[in-house]
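Single-structure report; data block below.
Whatever order the structure lists ligands and atoms in, that order sets their numbers, starting from 1.
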Amino acid sequence: MDKILIFDTTLRDGEQVPGCRLNTKEKVAAALELEALGVDIIEAGFPISSPGDFESVSAIARVIKDAVVCGLTRAVLKDIEVAAEALKDARRPRIHTGIGTSDYHIKSKFRSTQDEILKQAVQCVKWAKNFADDVEFYAEDAGRTGNEYLARVIEAVIKAGATTVNIPDTTGYCLPHQYGEKIAFLVNNVSNIDRAVISCHCHNDLGLATANSIAGIIAGARQVECTINGIGERAGNTSLEEVAVIIRQHKSLNFYTDVQATKLTPISNYISDLMRMPVQPNKAIVGGNAFSHSSGIHQDGFLKDAATYESIDPKDVGAAGSSIRLTARSGRSALAYRLLKLGYTYNRDDIDVLYTRFVQIADAQREVVDTDLHHLAKEYANTAVLA
Ligand code: KIV
Ligand code: ZN
């Protein structure tokens, strides 16, 4: 089995989201939780971006023991020096530097040429090597960069000393087979690719970030950049919990991570609270509805054998458990199950009568909750006494 390195960028790409900014104390606490979760690399911030972020990266570098601590830079010498200074106390520092390689970046943003950008990429990697052995290079917008030019850049930066090469689909543009082909192209056409780890960094603009990252590792990448709850610029980044659970569930992929799956739900809640960023209820793995069943057909199957409607055991990802939610689409077995949980035992005939009344209540409100069930049972008991 091959290990997939988990590079967490919750505190950098995730924290860039408006409203999600964290202070140093909060970032340090979150970094410690990420280390306990088992991530391999923590991207702690972008040190030159503000004095606050510099201080956060320095503080994280001081407390993290096992994980690599990484700081982001542009391909600017001063950025790299400032990142190196922020990381100076880290046991395992990594400088993450890079530049845009697509025509959008080269022509519109930099008003430059492919050759000039390649030179700058090499220069910044060489400069970063003066401060750290572990240097990651990102080719921003690699998703929309032609494969031939991308391969030239990647070969040159590896020659200059890059130990990880990050292939970001910055705008979330690629389809999974295209992203996989891009990684395969690099594996097959970059002569020194065996000297670096290929990393996937996918954005979720088309809802494909996780699928693209999985396509990337199948094609030969061995690091995935992701965030808790998939938070990040615009539609977000690849979600850490999705990647970790997919790798765990699909043993045939022959990959593993060091992520402790039972910590996924607690850390999702923790980051959501800390950043005041709610998780959508239908979010895979960690959403409030990820293990709840509300339609009669599903509930009946689930109550006979949970695996009928759940491919993941909620306990495996640290969730409290599955739930049977009662709505106007629910059936008799779900009603009987919930009543029994509250201590009411009824035979089939009782349930038939109770169900008629239940559906009336359920039609009038969105969900039937425990208090409604107590009322229903009381009402039924009174009717039975009168009869
Ligand atoms: O999406 C992106 O391209 C990035 C890089 C800065 C790594 O976040
Ligand atoms: Zn990004």
Side-chain angles (χ1 to χ4, degrees), residues 5-18 20 39-50 53 57 68-76 79-80 82-83 86 94-106 108-110 117 120-121 124-125 128 134-145 149-150 153-154 157 162-174 178-179 182-183 186 196-213 216 221 223-240 242-243:
L5 296 163
I6 297 295
F7 176 114
D8 182 275
T9 183
T10 306
L11 302 179
R12 199 280 296 170
D13 226 337
E15 202 244 12
Q16 280 172 212
V17 174
C20 285
V39 309
D40 300 283
I41 302 109
I42 297 171
E43 188 163 51
F46 183 7
I48 204 163
S49 64
S50 74
D53 220 33
V57 176
V68 171
V69 179
C70 174
L72 184 80
T73 81
R74 294 165 298 181
V76 173
D79 279 33
I80 294 169
V82 171
R94 174 179 295 186
I95 295 176
H96 189 189
T97 189
I99 195 160
T101 52
S102 70
D103 281 351
Y104 293 99
H105 287 249
I106 296 177
S108 315
K109 191 166 104 179
F110 301 123
I117 293 299
Q120 203 177 331
C124 71
V125 169
D134 186 346
V135 172
E136 174 167 340
F137 173 82
Y138 63 86
E140 196 178 4
D141 206 13
R144 295 185 300 175
T145 301
Y149 176 64
L150 185 62
V153 173
I154 295 304
V157 296
T163 42
T164 301
V165 285
N166 178 10
I167 312 301
D169 184 20
T170 306
T171 60
Y173 168 79
C174 289
Q178 293 169 333
Y179 190 74
K182 189 171 284 292
I183 301 297
L186 298 176
V197 172
I198 303 179
S199 184
C200 308
H201 179 114
C202 299
H203 278 266
N204 205 30
D205 301 64
L206 292 173
L208 290 170
T210 298
N212 284 345
S213 299
Q223 176 176 290
V224 175
E225 310 202 355
C226 43
T227 61
I228 300 292
N229 300 330
I231 56 161
E233 286 278 349
R234 307 180 310 280
N237 286 61
T238 302
S239 136
L240 183 151
E242 292 172 15
V243 169

Y104 side, atom OH; R144 side, atom CZ - distance, nearest 0.5 Å: 4.5 Å
So, taking the atom named OG1 in T164 and the one named CZ in F137, what distance separates them when rounded to the nearest 0.5 Å? 12.5 Å
For ligand 1, list the protein residues that place a heavy atom within a distance below 4.0 Å of one of its atoms, sorted by chain and number. R12, D13, H96, Y138, E140, N166, P168, T170, H201, H203
I'd like to know if the side chain of D141 reaches the main chain of T170, judged simply by a donor and an acceptor atom lying under 3.5 Å from each other, with no hydrogens or angles considered. no
Hey, what's the ring geometry for H96 with F7, parallel, tilted or perpendicular (30° and 60° as the breaks)? perpendicular
Calculate the angle formed at the Zn ion (ligand 2) by OD2 in D13 and NE2 in H203; 10° precision is enough. 100°
Evaluate the side-chain proximity of Y149 to I117: yes if any heavy-atom separation is below 4.5 Å, no if none is. yes
Check: I48 and T73 side chains under 4.5 Å, non-hydrogen atoms: no
